[in-house]
Amino acid sequence: MAGALLTTYRTVIRLCGGPLLPALSFLGRLPTAMCQLGTLLLVARTSGSLATAGLVGGALAAGQTVAGPVVGRLADRLGQRPVVLAAALLNACAVAALVVAALGRAPTVPLAALGAAAGASVPQVGPLARTRTVALARRAGAGERTVSAALSLEGTLDEVSFVLGPALVGVAATVAHPAAALLLASVLLAGCASGFALHPTAKAVAPRRAPARTGAAHAGGAGEPYRRRGTVHGLRASAALQGAMFGACQAGITALTEELGAPGQSGLVYAAMGVMSAVAGIAMASVPVSVGLPLRRRVATGAALVLALPLLVVHSLWGLYVVVVVLGSAYAPHLITLFALTERAVPPSRLGESMAFMTSGIIGGQALALTAAGPLAEDSGPAAAFALAVGAAAAACLLALTSRPDTEPPSPAADTGTDTGTDADADTDADADTAVDADTVAVADAVADAVADADTAAGAARAGEAVPDGTAGKAPAAGSAGRALPDGAGARRVPPDS
């Protein structure tokens with residue numbers, strides 16, 4: 001089994017063009033894991049106020065939660081390369097400005113504004129790396145085992161980054177100063193996120209328009225929509241509940257280690273849970289394709305609920321280590337499955353946005369739960385915070401048991417990157433198939449539409465180009481350019497791995 005697992009991951013690395021892309025995406029997402037704790041430590045030390053530090057840290061998380069889907073939307077519409085490059089530069093500048101302001105003991109409001117700017121400008125390397133890796137696998141005709149392995153690899157990189165990031169901050173804060181950790185994060189982001197943007201594989205997710213769907217593109221035949229809004233909203237709610245588990249567990253672990261007189265152990269306990277989660281994520285690629293995604297989701301949420309119950313009665317440090325390490329084995333499988341279901345529930349032209357929505361849900365859920373669980377733990381003890389984690393696990397399990405998500409993989413025809421006519425036609429088709437509120441993407445659409453207008457003007461100069469019959473399902477508008485679909489693209493399916 002280990003040999004087959006290694007072979008599967010080698011296939012994923014080969015699809016990425018070698019190990020450079022995963023390495024760049026890992027280092028590019030590491031600063032995100034460093035900035036939250038680094039900001040808290042820096043502002044707490046320079047201002048002398050934990051309340052101020054919490055406010056600035058909350059502003060950073062809020063900025064990332066709200067703006068993440070907009071960044072993903074822009075990447076879908078304009079391409080990952082320009083969006084990630086611009087965001088990386090803005091984020092590096094915002095983090096550096098936050099450091100300078102904190103060291104200069106700026107007032108709380110400017111610090112919070114800079115924190116929000118730093119969060120809003122995060123380049124979303126993690127979600128966009130998922131989008132790119134899945135696109136590479138789909139375009140190569142890879143089967144579901146390879147796609148699952150790609151998502152497992154990305155989930156593992158996330159887990160490792162959120163274990164290693166705070167550890168780096170702790171070392172830098174001990175050896176030098178929290179400001180050194182944040183400056184290191186800004187340098188890493190500017191270099192590695194830019195490298196991720198400039199990697200040749202960015203062409204795999206170049207801007208494209210969703211092709212018009214016919215009855216053959218529906219999961220259950222004519223008249224039954226292939227993608228449902230309820231599915232997408234349910235997956236995002238599950239991601240937020242998973243984030244709530246993280247936040248409540250973090251508060252409970254911190255409170256219990258302080259109660260046991262070992263506050264320095266809290267980070268190590270949380271890291272141990274992350275390491276186990278990463279190991280479980282790597283092993284997910286060995287799950288047979290015959291075990292469907294809905295079943296995986298139910299098993300993962302059920303396991304999380306059962307394994308979280310001992311948190312309510314744990315009273316020793318070693319008992320805490322054992323409980324949280326075992327609990328960590330359910331976290332990555334749940335998240336990996338949620339991302340896999342999301343990949344099947346949205347059109348490829350909106351995948352980056354949807355992946356960013358999922359990540360924002362996790363971050364938002366974690367921040368809200370941490371805010372609520374902290375006072376609970378302070379007033380009623382660690383068990384109260386852990387009870388919140390158990391409640392979130394129960395809600396996620398109930399949601400998994402009652403949902404009926406789409407499980408049919410997208411056909412290659414939906415990912416050919418073919419222009420299908422005017423921008424208005426493409427946008428209407430995509431909006432009918434995705435679950436994104438117009439208010440959330442208005443900022444991204446405004447920027448993207450400006451580029452689309454330029455494309456239309458350029459297309460007018462190419463009005464003499466031939467448009468293959470049936471490309472858009474109707475005669476194209478004057479001045480639009482069409483490109484032919486590959487032969488048989490409308491009927492070809494992704495073959496399963498043998």
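Just so it is clear, the structure is predicted and the values come from calculations on it, not from any experiment.
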Reported CG-to-CG distance for the pair Leu398 and Leu241, which is rounded to 0.5 angstrom: 10.0 Å
Step-by-step side chain to side chain donor-acceptor pair (under 3.5 Å) determination, Ser238 to Arg297: CA-CA 10 Å; Ser238 294; Arg297 181 184 177 190; 2.6 Å; yes
Counting only pairs under 3.5 Å, give me each side-chain donor-acceptor contact of residues 265-281, with atom names and distances, residues two or more places apart or in other chains.
| from | atom 1 | to | atom 2 | distance (Å) |
| --- | --- | --- | --- | --- |
| Gln265 | OE1 | Tyr321 | OH | 2.5 |
| Ser266 | OG | Pro263 | O | 3.1 |
| Tyr270 | OH | Phe246 | O | 3.4 |
| Ser277 | OG | Glu159 | OE2 | 3.2 |
| Ser277 | OG | Ala332 | N | 3.1 |

Sub-4.5 Å side-chain heavy-atom contact between Gln64 and Cys35: no
Listed pairs under 3.5 Å, donor-acceptor, residues 114-121 side chains, sequence neighbours left out:
| from | atom 1 | to | atom 2 | distance (Å) |
| --- | --- | --- | --- | --- |
| Ser121 | OG | Asn91 | ND2 | 3.0 |
| Ser121 | OG | Ala117 | O | 2.8 |
| Ser121 | OG | Ala118 | O | 3.4 |

Main-chain N/O of Ala197 paired with Arg81 side-chain donor or acceptor, under 3.5 Å: yes
Presence of salt bridge, Glu343 and Arg138, under 4.0 angstrom: yes
Met34 vs Leu182 side-chain heavy atoms within contact, under 4.5 Å: no
Thr342 OG1 to Arg236 CZ distance, which is reported to the nearest 0.5 Å: 7.5 Å
Taking only distance into account, with no hydrogens and no angle test, what donor-acceptor pairs under 3.5 Å do side-chain atoms of residues 18-27 form with protein atoms, sequence neighbours excluded?
| from | atom 1 | to | atom 2 | distance (Å) |
| --- | --- | --- | --- | --- |
| Ser25 | OG | Leu21 | O | 3.4 |
| Ser25 | OG | Pro22 | O | 2.9 |
| Ser25 | OG | Arg29 | NH2 | 3.1 |

Donor-acceptor contact below 3.5 Å, side chain Ser161 vs main chain Leu30: no
Residue pair Ala367 / Ala61: nearest heavy atoms and the distance that separates them: CB-CB, 4.2 Å
Close side-chain approach of Thr133 and Leu15, heavy atoms under 4.5 Å: no
Heavy-atom side-chain contact between Cys249 and Leu327 under 4.5 Å: yes
Shortest non-hydrogen separation from Asp76 to Ser349 and the atoms involved: CB-O, 3.2 Å
Charged tip of Arg350 within 45° of Phe357 ring normal and under 6.0 Å: no
Beyond-backbone contact of Arg130 with Leu351, side-chain heavy atoms, under 4.5 angstrom: no
Result of checking Thr8, Val12, Ile336, Asp158 against Leu153 for side-chain contact (heavy atoms from CB on, under 4.5 Å): Val12
Heavy-atom closest contact (Ala345 atom, Val232 atom, distance): O-CG2, 3.9 Å
Close side-chain approach of Val71 to Val122, heavy-atom, < 4.5 Å: no
Between CG on residue Leu98 and OG on residue Ser186, distance to nearest 0.5 Å: 10.5 Å
Steps toward side chain to side chain contact (heavy atoms under 4.5 Å, CB included) verdict (Tyr9, Ile282): CA-CA 9 Å; Tyr9 280 112; Ile282 284 287; 4.1 Å; yes
Closest contact, heavy atoms only, Ala181 versus Ala172: CB-CB, 3.7 Å
Thr146 side-chain N/O to Ala142 backbone N/O, donor-acceptor pair under 3.5 Å: no
Nearest-0.5 Å distance, OG1 of residue Thr301 to NE2 of residue His334: 5.5 Å
Reported CD-to-OG1 distance for the pair Gln124 and Thr32, which is rounded to 0.5 angstrom: 7.5 Å
Main-chain N/O of Pro127 paired with Thr131 side-chain donor or acceptor, under 3.5 Å: yes
Gln366 and Gln242 side chains, donor-acceptor separation under 3.5 Å: no
Side chain to side chain contact (heavy atoms under 4.5 Å, CB included) evaluation trace for Thr39 with Val43: CA-CA 6 Å; Thr39 298; Val43 177; 4.2 Å; yes
Leu188 CG to Leu183 CG distance, which is reported to the nearest 0.5 Å: 11.5 Å
Criterion side chain to side chain contact (heavy atoms under 4.5 Å, CB included) on Gln250 and Ile253, from CA distance to verdict: CA-CA 5 Å; Gln250 186 174 351; Ile253 289 169; 5.9 Å; no
Min side-chain heavy-atom separation Val287-Ser148 under 4.5 Å: no
Derivation and outcome, side chain to side chain contact (heavy atoms under 4.5 Å, CB included), residues Gln36 and Leu60: CA-CA 7 Å; Gln36 188 71 47; Leu60 189 147; 3.5 Å; yes
Heavy-atom pair of closest approach, residues Val147 and Ala137: CG2-CB, 4.1 Å
Side-chain heavy atoms of Thr337 within contact of Met284, under 4.5 Å: yes
Minimum-distance pair of heavy atoms, taken over all atoms of Ala373 and Ala251: CB-CB, 3.6 Å
